[in-house]
Amino acid sequence: MRRVGKNSFTEIYFAGCNPSFVETSDGYVMIDSPQQPIDAVRWRERMEEKAPIRYLINTEPHGDHISGNAYFPNVTVVGQVKLQECFERYLYAFGTLEEKRERFKETDPDSVWLVGHPDYPALNPPKLTFTDTLTLNVGNHTFNILHMPGHTAPQTSVHVPEEGVVFTGDNVFYKCRSWLQECDPWEWLAALKSIEALDVETIVPGHGDPCTKAYLKEQGQIVENWVGCIERFVDRGLTAEEALREPIEVTRQDPYPIGQRLFMHNERLTDMIVRNLHQRILEKKQQPTA
Ligand SMILES: [Zn+2]
């Protein structure tokens, strides 16, 4: 557990995203939920012993940010309107409950009994939604919840001015491999500029250590490197399949190793990045210029 502001904390060593919370004078506000069921229930018990949890804000629809919501059954979840629409689809993208339970038998036996447990029958998708921005005042804290599409379409940052902190979800990967598998890279670069414009000392990324605005330039460079790399394939007239048969120097685009328990997805990720960016760059080039 890492303190990132006077009353703000994040957990960077769980399998999954960096779930975080702010302790206000009127209870807790969480940002994303622990991915592993056992981590989620332990978190909830420790917090609720001290104070109630008022809100849980999801920064994006990827499973590592939302699958723990179910273990906070009485907490109101906040999310961008598109996140509410796609919540279930993303949650089940990596298999049914039965498949999840089987996987946990290998990877996280302590969580097995919590999968499909009758005390947690609901997935707990966002109930409170917003389109562009939403401000919540809880105790003495302000939560500026800002739609910043990029890494995903519903991508959201949570800016807490009293703490000098912004929680960005995966628009920032601090020194671990960036996932560009479904991003709009140009929106992502714009989002990094919006984060830069916030008056904050600390950025809590979706993955990796908390950092400062100094890292945003490097994050932008990684997105630009990938766009440049795939653009050269598109300019040569290669299809995505043909591009994938070309040598791709992954560490020249993004020097960082894949984090957490995701190493088995390293090659598949390159494949997904090439396909996503190839399609987006092609579509952009085919658009008539005004
Ligand atoms: Zn993500």
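Order of listing sets the numbers, starting from 1, for every ligand and every atom in it. Note that the structure is a prediction, hence the values are computed from the model and not measured.
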Next item on the list: Assess whether salt bridge (charged side-chain N to carboxylate O under 4.0 Å, His left out) is satisfied between E162 and K6, documenting all intermediate values.
Entry: CA-CA 9 Å; E162 294 84 357; K6 202 160 169 262; over 6 Å; no
Next item on the list: Report the C-alpha distance between H65 and H207 in whole Å, list the side-chain angles of each, state the deciding distance to 0.1 Å, and finish with yes or no for ring pair (Phe, Tyr, Trp, His ring centres under 6.0 Å).
Entry: CA-CA 11 Å; H65 299 252; H207 300 268; 5.8 Å; yes
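The aromatic ring centres of Y71 and W43 sit 6.0 Å or more apart.
H62 contributes ND1 as its N, O or S atom closest to the Zn ion (ligand 1). Note on D170: its N/O/S atom closest to the Zn ion (ligand 1) is OD2.
At a threshold of 2.8 Å, the Zn ion (ligand 1) has no backbone or side-chain N, O or S atom of H65 nearer than that distance.
Using cut-offs of 30° and 60° on the angle between ring planes, the pair H141 and F143 is tilted.
The Zn ion (ligand 1) forms the vertex of an angle spanning NE2 of H151 and OE2 of E60; to the nearest 10 degrees it equals 110°.
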